[in-house]
Amino acid sequence: MTTGMTGNNDSDPPVAAKAPPEPKAATQRVIDDVLAAYPEKLRKFRNKHVKPNDPSGTDKECEVKSNIKSRPGVMTQRGCAYAGSKGVVFGPVKDMVHLSHGPIGCGQYSWGGRRNYATGTPGIDNFVNFQFTSDFQEKDIVFGGNKKLAKITEEISELFPLARGISLQSECPVGLIGDDIESVAKTQGEALNLPIIPVRCEGFRGVSQSLGHHIANDAIRDFLLGTKEPMVGSGDYDVALMGDYNIGGDAWASRRILEDMGLRVIAQWSGDGTLQELASAHRAKISLLHCYRSMNYISIHLEEEYGIPWEEYNFFGPTKIVESMRRIAEHFDDSIKEKTEQAITRYEPYFAEVQARYGPRLAGKRVMLMLGGLRPRHTIGAYEDLGMEVIGTGFEFAHKDDYAKTAKELGDAVLVYDDPPAYELEEYAKALKPDLMGAGIKEKYVYHKMGVPFRQMHSWDYSGPYHGVEGFAVFARDMDTTISSPSWDLFTPPWQAPSPAPALVGAGSDV
Amino acid sequence: MSESAVRRADSGNLDRTGDALRVLDHNELFGLEEYVEQHAAKREMEAAPSDEEVEKTLAWTRGWEYRERVFAREALVINPLKACQPLGAVLAGLGFAGTLPYVHGSQGCVAYFRSHLSRHFKEPVPAVSSSMTEDAAVFGGQANLIEGVENARALYEPEMMAISTTCMAEVIGDDLAMFLGTAEQKGALPVGFPAPFAHTPSFVGSHLTGYDSMLCSILSFLAKDVNADTEADVEAGLSFGPPTGARPRINVLPGFDPYVGNVREIRRLLDQLGVDVTVLGDHSDSLDSPADGQYHLYPGGTPLAEVAAAPEAVASLPLQAFSTRRSRELIRDTWGQPVLDVAPPIGIRNTDALLMAVAEATGTEIPAEVTAERGRVIDAITDSHPYVHGKRIAVAGDPDLVLGLLAFLLELGAEPTHILCTTGDAEFERAAYDLLGASPYGAHATVWTGKDAWHLRSLVLTEPVDLIIGPSHLKGVAREADVPLVRFGFPVFDRHHLHRYPIIGYAGALNLLTWIVNTVLEELDRKAPDFGLDIVR
């Protein structure tokens, strides 16, 4: 089974050009070809996780199996529950100290990589770019780490007096050695008069980052939510912005839209978020959910416990932005609906300009995506607003409901893959020949070697924001920058290029 | 409409000049008035400390009393410059041809190792996990290991798998030797398939330890038969027996080397002496391969047969000591091969010493070209010395890189002041103080072993320096101290391509000199008054 691939998009036409009448069958053939070389057990397993899309969502044959254990040794792109809890949900909460409790690595590798932007003074009231760890040594494994943990909470409180709380992000060993961190959290919380949240996000729990999100949501629910009132009183237009981690300023760009609509965002979960916002979100009139996968849990709880409705929304690209704005406005009175329409009117020339500038350059370009739990479906509208087509998409850790939502957004027979091993994704890319690949840092350089333009769509490739009105321009600019880069044309040195057919001239030539 | 509303409607983040359209992204967008206002308004909702409280606390954290508390810490570690064992094991595996690093344990670890190394090298980093989950915590990971090696072989067709462990596997006591034996019995691994393994608990040592353990296992596995000279070896020219006129061969151990340029440089340098080199392990291709339109899973790497013949080289030359302890022991005690005891060849005298040690061991001479190259770098040093002389410098990183850099800085007349080595030990500290004590320029230095970047912050805020040299994570400290940061060591995430250049040898010294002096000059210019913006420096 080879892993080489040519990035030369000129040689074979894309699959669609010679597709038989049954597009789903053609996609299935691509899948079958790629999986053919797997050991039988793995082939059977993977076959359930990758399907041609059925937009109606009714064809059982096209249902993608998801959210189960990865097979060993296949090079899954998934992470673990610690990543879902510390990296995704808790990490962005800027005025709490998040302790990576266990050996040094987990905290080290998740130090500063995620670009969940936050205002504040680093080390004083903003700790997002810090690595706090208990640096477990052998003796902690043997004798337990609770004594050390208690001391750590004291040192945090002493050295960071303006930290509003501490979260204890459990790494694998904590659960395995049976440390009772809950008791330390309780005792020390009382002694220090500081919220200390024990979070059981050991990496071996669950099958991916996903359970980590759930554990984190539950920890916030159990220890923080409902314990404070909003600083700004109560208003009819108070909303909670959930599931936006402010990558490159995404949440700020989204907040601006909601404020233009006349709404007041009293809590951001959790990009540029604070303990206060986690604790007081139950006073919102509605929770607006961007990343469904990582925060549906708390939204459902807010509804069940406090009667607060929730509305999923999508601020990627003009079509989804406008649709979402109107759907959100439906929950409010005419004054909000009016402001919403006014805002839309103001945005329209702006959107038109971006589309006029970048649309012609990007029209017809074909995109493959592979990301975490939201963006493989949520960004489809933004690509389509630029005339681009998503020809394959899939998730690391989505669940059944995510795939059901995805199906509606994609065309018939589009390739959908769940937790694809690195090899498999490369083979699909070879078959489909996208003009652009959107995935993460672990994929980026693979596709660059192949000459396939690539944009990181977790970290925005150190750009952003991509949410919201301004985000659409940044997104369009970046997709154009990479697809248009002249560097892709440099790959083949002239002495290796196929020579043109010689012109046959002269007497005796036999053309 | 108010002006700010007009602004939003009209320009947002689109900056129009004539026909050009410049899009303002996160670098500038949030400095616009509307976002400054948004942030101020949000702060009202955050139960944030007052500006006065923040200022007062900030001032306090920059002082001596806070420094003392920071150093009085017993338990909390903040911004350490240390990673865990299996990261090193993965790097070691990537040094060998056709080798897939396989980490037995939780899958999140492998995702992290791959992204961490990719961010530094800007290269793909293949590695697989046995994806152990909760049931494996109860029953042990044998089934995972066995299925994992089978799948990995089928999908990625490695010639060898370098197997290490995550802390989960270590805590539950998984026995790799036993599991691998069972894997062979069940046919998941062909008998004799190269699968060297090392137990790499993340709660012991650091990434340097893991590198060493994995390397030692690989060397021990592949060079099993250190005495027999097979016919195949002789035919392949890999057996050297008594000197026959062929070029002498040295094994080079780069250690946990974040500079792929170093491996290329040592080959080039020793080639000039007429010495052939086997690099154990060579990650200079796997972590710096060409963009040629194809993704090659296993570019380069030390051919496995070369490792098998390595015991017959004249000597082994480690470029790092702290990431090769066990490997050196293996070479010295089991292979019975001399290990040249040289300092990391960073700077002029360290390079001199390495060349002389190699020349002596191999019976070669240092040619005129090398002397000339050395002379050119000395010349460059004399050109630049005024801008480095007397500069107080904070240095941070892993022990070998730090010791090498210290030696070079002292040669330049710089004054290393605060030396931070989270992964250092007593041996490192002794070596550092020996070096510093031998030069008047080292008189003001203090070595901080086992400390972290939050310690360093207090050091540079209470005892200021002119320059910090170390990894990217120190940029916040550098900003607060208002001094430049020269990126050095591992990881360097926020500057590009420095790792493709050597920092060893004379060429490496020139690179380091260039980066350091031009950073000083950049800073001079940035702070210069108009009359002092000299054209010539």
Side-chain angles (χ1 to χ4, degrees), chain A residues 3-7 39 42 69-75 79-80 83 103-105 108-109 119 121-122 124-125 131-133 135-138 141 148 151-152 155 162 172-173 176 203-204 231-232 248-249 266 274 276 346 350 357 423 441-442 445-446 449-451 463-464 470 473-474 477 491, chain B residues 9 12-14 21 23 25-26 29-30 35 39 44-49 54 57-58 69 73-79 82-84 106-108 111-112 114-116 118-119 123-124 128 130-131 133-134 137 144 147-149 151-152 154-155 167-168 171 202-204 291 293-295 297 476:
Chain A
T3 48
M5 167 174 158
T6 63
L42 184 64
K69 285 192 280 195
S70 309
R71 298 325 303 166
V74 301
M75 214 182 300
C80 68
I104 196 115
Q108 198 71 5
Y109 309 125
T119 60
T121 307
I124 309 301
D125 62 356
Q131 199 311 47
F132 295 101
T133 173
D135 190 14
F136 255 45
Q137 297 299 297
E138 188 144 40
I141 301 284
K148 187 183 216 182
K151 188 79 178 104
I152 284 175
E155 290 175 350
L162 300 182
C172 288
L176 296 171
F204 59 79
M231 301 292 296
V232 290
I266 63 161
T274 55
Q276 166 66 25
R346 288 202 307 274
Y350 175 92
R357 289 277 174 169
Y423 165 81
I441 185 74
K442 303 193 295 294
Y445 302 108
V446 170
K449 303 283 179 195
M450 298 197 282
S463 180
E470 300 96 329
V474 182
R477 177 199 71 180
F491 276 54
Chain B
N13 63 334
L14 303 180
L21 185 74
V23 174
D25 61 19
H26 63 95
L29 175 62
F30 302 112
Y35 281 104
H39 291 164
E44 303 296 311
M45 303 182 185
E46 293 178 348
V54 169
T57 310
L58 182 60
R69 290 168 186 249
R73 273 184 288 156
E74 288 167 23
L76 174 64
V77 173
I78 309 169
N79 301 345
K82 177 168 90 166
C84 67
S106 312
Q107 80 196 4
Y112 275 161
R114 295 176 66 206
S115 47
H116 204 68
S118 279
R119 285 174 179 147
E123 293 284 321
V128 296
S130 59
S131 292
T133 57
E134 253 155 314
N144 293 67
E147 186 186 337
V149 297
N151 285 336
L155 268 62
C167 58
M168 178 193 181
V171 171
S202 58
F203 40 85
V204 174
Q294 273 209 313
Y295 172 49
L297 189 50

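Quantities reported herein were computed from a predicted structural model and do not represent experimental measurements. By convention in this document, chain letters (A, B, ...) are assigned in the order of the sequence lines, proteins followed by strands, and residues within each chain are numbered from 1.
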> Given that the side chain runs from C-beta out, which part of B:S202 has a heavy atom under 4.5 Å from chain A: side chain, backbone, both or neither?
Replying inline: both
> At a heavy-atom separation under 4.5 Å, does A:K69 approach chain B through its side chain, its backbone, both, or neither?
Replying inline: side chain
> Where on A:V446 is there a heavy atom nearer than 4.5 Å to chain B: the side chain, the backbone, both, or neither?
Replying inline: both
> Backbone N or O of B:V77 within a donor-acceptor pair of the A:D135 side chain at under 3.5 Å?
Replying inline: no
>> Please determine whether side chain to side chain contact (heavy atoms under 4.5 Å, CB included) holds for the pair A:C80 and A:F204, giving the CA-CA distance in whole Å, both sets of side-chain angles, and the decisive distance to 0.1 Å.
In response: CA-CA 7 Å; A:C80 68; A:F204 59 79; over 6 Å; no
> Residues in side chain to side chain contact (heavy atoms under 4.5 Å, CB included) with A:P122, at least two apart?
Replying inline: A:F130
> chain B heavy atoms under 4.5 Å from A:C172: which part of the residue, side chain, backbone, both or neither?
Replying inline: side chain
>> So which residue, B:S130, B:P124, B:G108, ends up with the most heavy-atom pairs under 4.5 Å with chain A?
In response: B:P124
>> Treating A:Q276 as the side-chain partner and B:A47 as the backbone partner, does any N or O pair qualify as donor plus acceptor under 3.5 Å?
In response: no
> Who wins among B:R119, B:M168, B:Q107 for the most heavy-atom pairs under 4.5 Å with chain A?
Replying inline: B:Q107
> If you look at every heavy atom in B:H26 and A:G248, which pair is closest and at what distance?
Replying inline: CB-O, 3.4 Å
>> Closer than 4.0 angstrom, basic N to acidic O: yes or no for B:E123 and A:K449?
In response: yes
> Just wondering, do B:Y35 and B:L29 contact through their side chains at under 4.5 Å, heavy atoms?
Replying inline: yes
> Where on A:R71 is there a heavy atom nearer than 4.5 Å to chain B: the side chain, the backbone, both, or neither?
Replying inline: both
> So, the side chain of B:T57 versus the backbone of A:I124: is there a donor-acceptor pair under 3.5 Å, distance only?
Replying inline: no
> What part of B:V54 is in contact with chain A, defined as an atom under 4.5 angstrom from a non-hydrogen atom: side chain, backbone, both or neither?
Replying inline: both
>> Can you tell me which portion of A:I141 sits under 4.5 Å from chain B's heavy atoms? Options are side chain, backbone, both or neither.
In response: side chain
> For A:T119, is it the side chain, the backbone, both, or neither that has a heavy atom closer than 4.5 Å to a heavy atom of chain B?
Replying inline: side chain
> Considering only heavy atoms, which portion of A:T133 lies under 4.5 Å from any heavy atom of chain B: side chain, backbone, both, or neither?
Replying inline: both
